[in-house]
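Before any comments, here is the structure.
Each chain gets a letter, A, B and so on, in the order its sequence line appears, and its residues count up from 1. Here the structure is a predicted model, which means the values were calculated and not measured.
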Amino acid sequence: MEKNNEQDWYNFWDKQGYFKADPSSSKKSYSLLMPPPNLTGELHLGHAMQHSIMDAIARFKRMQGFDVLLLPGVDHAGILFEGTFNKVLEKQGLSKRKLGREEWLKRAWEFRDEIYKSFHKTWTVMGISADWSREVFTFEPKIQKAVFEEFKRFWDEDLLYKGAYIVQWCPKCGTAIEDIEMEYQERIGKLYYVKYKIEGLDEYIEITTVRPETVYADVGIAIYPNHPKYREYIGKNAVNPLAGRKLPIFEDKRVDPKFGTGALKITPGHDLLDYEIGKDHNLEILHAIDKMGKMTELAGDLVGIKAVEARKLAFENLEKIGAISKVEEYSHSVPVCERCKTVVEPLISTEWFVKTKPLAEKALKNLDKINFLPKNYKKMLVDWYKEIHDWSISRSLWWGHRIPVWYCGKCNKTHNVGKDEGMVVSFDRPEKCPKCGGSNLIQDEQVLDTWFSSGLWPIATLGFPKKTTELKRYFPWNFEISAPEIKYLWIARMIMLSLHFVNEIPFKNMFFHGMLRDLQGQKFSKSLGNGIDPNELIKQWGVDSVRMALYGYSIPGRDGKTSKQLMSERCKNYRNFGTKLKNIYRFVIELKPDSLSSSDQSENKDDKEILEKLNSMVQEATKNIDNFSLHLAVEAIYNFVWHDFADIYIEKSKNRREEAQPTLEKVLKEIIIILHPFMPFLTEELYQKLPEHKKSIMLDNWPKS
RNA sequence: GAGCCCGUAGCUCAGUGGUAGAGCGUUCGGUUCACAUCCGAAAGGUCGAUGGUUCAAAUCCAUCCGGGCUCACCA
């Protein structure tokens, strides 16, 4: 079996079907669920690490005699993909609006195909032994059915509702997003002290705000209970300095006495806390800023101006009428959309929500069944579940699962939701309205949050909602891996949804790897341009070396600082290790004396010692892989091969070569096998040249210790 | 503001109760040897600080300092 390069070996394995799981097998199963990378472009070093880890465990388990399923796939990544794709269109002078939904979607799918090609290339180059016959894309028809089932069941169980609530709105992406899709940036801003005149008196309440442009939508003033200075105004009205509107003054314990003047202007349309307070005091909700991030008619002369620019103008308007008493420099954190970094605008929008309390409670009860690595991550999830908010699942995008709700164009023009309204939950267009019999049914315009489908990943990949043999055999997954940054968005959701829909935890072992960072400790990102391209490293040092280098970083929950140079040094080190292995092979097999009278039994002290060391190394490596401490397994093997075997034993064996030959061959074969999960290509190449071997190293057995 | 993690050799990091470790770097020596080099040796660390538990602490506990992450409605 002559193969010229790594790609040939990969094709050989693939063609032989070694990557395929076999549900009808009598072997015990072991299942690993690949986290689907986002459909946005190249795979980066973090993906390379994730996939190397999964592949090592998969290959290890196969050699231990398990029927292994390593299931691959890709996530359609709604908001993220849509942003990326729209940028591509922009460069071509096109846009969503110009193309229209249908044409835009057609082109989006074509763009998807391009990205797919690049993903698959990287996976095959890396030697990932996934069962490609079971590959899943989160937006493919099969998954659309599963997601529909998810939605339908939630609806039937009364866990879904639609309503106008205050949401985090990204004006750039043009959609509502969730708290956990935001991040905070420290900004220096200004804190404005604004005077609100008391109606009928020549007295004022002073209020601090960082957003004077929202004054136009102020509808009340809250002070903390028993405010020494302002409590006499309770029940009176203040006057909105910009809008002239009357503002009722009342107490509310949610106002922080320690902050500012102890009085808070209430703008329910543009602030979460104000929304809550406003609701409890029956205040009107007004909008000074619209969904495009521009000022509304409410802002008078500022109408149409971007909110960010309106801030200064609103301040000037206030100053002109003498309503500003003081301005301070102020440093605070500003919420931005984690995808596009635009400042998020809280506003009222009609969205769909999932009631998450019952789901979270069930998750909490079952969390102990999952082995988290590192352990302390469990606590973070516990805390999150305990304080969970309802999940806003609708997004005003095109790239995603369309909300499977149809409204009657005749009797439900306002798109009301309810069982006795002209509304149907259906995958396909319903023929007629259940209420009036009309045939003009219109589908909800919005799509579902990406994580609404990704959360179903552990079961949708195995055929949910059908009760498949795969679901029975491979679920719960033995192993799942993820970057920690999506633990709430994704991991927490998978746990809730799996428990809800199939009544089981989704995975038994949950491995959170660390984040690779640059030497300053910053994340690798496109915008910083500090990324390291795994393909470049592979080209220079070979896949096996890159994989080995990455296992050094595969410690649960531990971030690793690195750079192109440091990665290269590590890779070079393992490239040299590969060379060492080749030379060991050359010495033991190619250059062996002709006149060998081999014997298996040796009473020689050196032979006994190396075999003992081999045995304890195998034990250690096996234990460490079982514990998912790949870095320790790799270290143990590395030290044994290079130092115990090559430097010491082989050197000594040169004086008694013939006698040592059986031991040399035995140790060589075993280290090649034990290295296979980590260095799949080189080990197969050498394995094939051993005097006795199976058709592939993938079919050989992990040494028992 | 709360929680979690980290602080070990010049650099990047393992090690988490029993005589301080690896890779790279540095210095010295060897190498027509299985070695796209390799081998041998050396230098280099009060394991962030202080206190405690213990026969024994880098490791456990407390406090503090420094760095990071996560969460939170601070106007």
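One donor-acceptor pair, N or O on each side, does fall under 3.5 Å between the base of B:A34 and the side chain of A:Lys654. Judged by distance alone with a 3.5 Å cut-off, a donor-acceptor contact links the side chain of A:Arg558 to the base of B:U16.
For the side chain to side chain contact (heavy atoms under 4.5 Å, CB included) with A:Phe250, the lone residue among A:Ile223, A:Ile277, A:Ile221 that qualifies is A:Ile277.
Contacts of A:Lys580 with the nucleic acid, taken as non-hydrogen atoms under 4.0 Å apart, include base atoms. Contact annotation for A:Tyr330: backbone-only contact, meaning every heavy-atom pair under 4.0 Å involves sugar-phosphate atoms and none involves a base. If you check every strand for non-hydrogen atoms under 4.0 Å, A:Lys572 touches nothing. At a threshold of 4.0 angstrom between heavy atoms, the contacts of A:Glu276 with the nucleic acid are absent. Using a 4.0 Å heavy-atom criterion, one finds that A:Trp642 contacts the sugar-phosphate atoms exclusively. Nucleic acid contact for A:Tyr377: none, since no nucleic acid atom lies under 4.0 Å from a heavy atom of the residue. A:Gly552 comes within 4.0 angstrom of no nucleic acid atom, judged by non-hydrogen atoms across all strands.
The pair A:Arg211-A:Glu345 meets the salt-bridge criterion, with a side-chain N (NZ, NE, NH1 or NH2) lying under 4.0 Å from an Asp/Glu carboxylate O.
Listed nucleotides: B:C71, B:A75, B:A14. Nearest to the side chain of A:Ile180: B:C71.
An OP1 or OP2 oxygen of B:A72 is reached within less than 4.0 angstrom by no side-chain nitrogen or oxygen of A:Lys386.
Ring geometry for A:His227 versus A:Tyr224: interplanar angle of 30 to 60°, hence tilted.
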